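Only a predicted model underlies this, so the values are computations on that prediction, with no experimental measurement involved.
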Amino acid sequence: MHEIAADDRRRFAAWFAPERPGGAMCAAHVARTGIGSFYADRLDEPRAVLAQAPGNAALRGDPGAVRPEALDVLEGFVDAPPEWLPVLRQADPGVTPWDRVMFELPAEVEVPERIAGIDARLLGPADTAAIETFDADGAWIHKTWGGAAGMAGSGTARGVFVEDRLVSIAVAFFLGEVHEELGVVTDSAHRGRGYSRAASAALCADIRARGHVPAWTTSPDNAASVAVAERLGFRRVGTGLLYAVRVPIPPTE
């Protein structure tokens with residue numbers, strides 16, 4: 001696969017249109033942020049395109065145009081039509097499908113910026129160290145921003161602090177042209193206290209202020225994540241799946 005030049009990324013993002021919540025949003029995220037890469041089977045008249053952000057990827061086009069060894073770059077969760085599964089299995093015999101459910105927050109749903117008196121403030125570069133020392137199980141939260149410093153400087157993350165310790169984060173995990181998909185994580189010792197909902201609500205207000213639609217994707221068996229989304233007023237808009245390539249499927253919280 002050939003890497004696409006930075007100034008051509010938005011053109012190749014059109015292969016993943018129309019934009020919908022879910023793993024394919026990593027294409028819009030790469031095009032907008034420059035974090036990640038696009039690849040094509042050939043630069044002139046491509047037949048297959050790969051968008052890859054850290055830990056996430058999406059494939060479109062003709063899988064017959066791609067040799068399995070060309071997918072050696074894949075390691076993470078891949079959004080692809082079902083016809084891509086045979087070549088993904090050749091690249092990684094252990095590939096595992098992961099069911100997903102997608103939500104959007106309708107424009108008519110009002111979400112308070114502050115819930116239960118919990119302050120979820122905008123995170124900035126000064127919070128990089130707090131993000132780096134966050135619960136190790138939550139390190140995935142800043143992957144699509146290239147790490148803690150990238151997320152801290154993105155202006156797209158809200159955090160809840162308890163006694164000066166960062167215990168909950170909500171971030172625009174994928175920043176699209178239309179949607180921003182929330183990624184949310186709370187320190188394992190502080191769950192069940194409303195922190196995820198408070199951080200998410202504050203972030204939804206930010207997303208709307210940027211003229212975008214808040215989106216949410218999770219696994220259908222993640223009852224805690226589904227509950228937070230539904231309590232905030234998110235509504236289901238579809239189902240899908242990702243393929244876990246060379247990585248395990250995360251345990252349900």
Ignoring hydrogens and geometry, is there a side-chain-to-backbone donor-acceptor pair from [X] to [Y] under 3.5 Å?
{"X": "Ser225", "Y": "Asn222", "result": "no"}
{"X": "Arg60", "Y": "Ala17", "result": "no"}
{"X": "Arg67", "Y": "Ala70", "result": "no"}
{"X": "Glu19", "Y": "Glu177", "result": "yes"}
{"X": "Arg9", "Y": "Phe12", "result": "no"}
{"X": "Ser200", "Y": "Arg197", "result": "no"}
{"X": "Thr144", "Y": "Phe173", "result": "yes"}

ask   = Are Ser188 and Asp135 close enough, and set up right, to give a side-chain hydrogen bond (donor to acceptor under 3.5 Å, both in side chains), and what steps lead you there?
value = CA-CA 7 Å; Ser188 55; Asp135 187 334; 3.2 Å; yes
Assigning hydrophobic clusters by single linkage (Ile, Leu, Val, Met, Phe, Trp, Tyr; side-chain heavy-atom cutoff under 4.5 Å), is [X] placed with [Y]?
{"X": "Val109", "Y": "Met102", "result": "no"}
{"X": "Leu182", "Y": "Phe103", "result": "yes"}
{"X": "Ile131", "Y": "Leu175", "result": "yes"}
{"X": "Val95", "Y": "Val66", "result": "yes"}

State whether [X] and [Y] are salt-bridged, where the test is any N-O pair (Lys NZ or Arg NE/NH1/NH2 against Asp/Glu carboxylate O) under 4.0 Å.
{"X": "Arg158", "Y": "Asp119", "value": "no"}
{"X": "Arg47", "Y": "Asp41", "value": "yes"}
{"X": "Asp127", "Y": "Arg121", "value": "yes"}

key: CD (Glu108) with more than 12 external heavy atoms under 6.0 Å   = yes
query = Is Arg20 atom CZ crowded by more than 12 heavy atoms from other residues, nucleotides or ligands, each under 6.0 Å away?
reply = no
Work out which heavy atom in [X] is nearest to a heavy atom in [Y]; give both atom names and the distance.
{"X": "Trp15", "Y": "Gly61", "result": "CZ3-CA, 3.9 Å"}
{"X": "Ala152", "Y": "Thr128", "result": "CB-OG1, 3.5 Å"}
{"X": "Phe234", "Y": "Pro214", "result": "CE2-O, 3.5 Å"}
{"X": "Leu50", "Y": "Ala57", "result": "CD1-CB, 3.9 Å"}

task = Take Ile118 and Arg114, measure what side-chain contact (heavy atoms from CB on, under 4.5 Å) needs, and give me the verdict at the end.
result = CA-CA 6 Å; Ile118 300 170; Arg114 189 180 176 97; 5.9 Å; no
query = Out of curiosity, Glu104 CD to Glu181 CD, how far, rounded to the nearest 0.5 Å?
reply = 10.0 Å
query = Between CG of Leu203 and CD1 of Ile169, what distance do you get to the nearest 0.5 Å?
reply = 11.5 Å
Which residues pass the salt bridge (charged side-chain N to carboxylate O under 4.0 Å, His left out) test with [X], sequence neighbours left out?
{"X": "Glu83", "answer": "none"}
{"X": "Arg246", "answer": "Asp72"}
{"X": "Asp187", "answer": "Arg165"}

inquiry  = Can you classify the ring geometry of Phe16 versus Phe38 as parallel (below 30°), tilted (30 to 60°) or perpendicular (above 60°)?
reply    = tilted
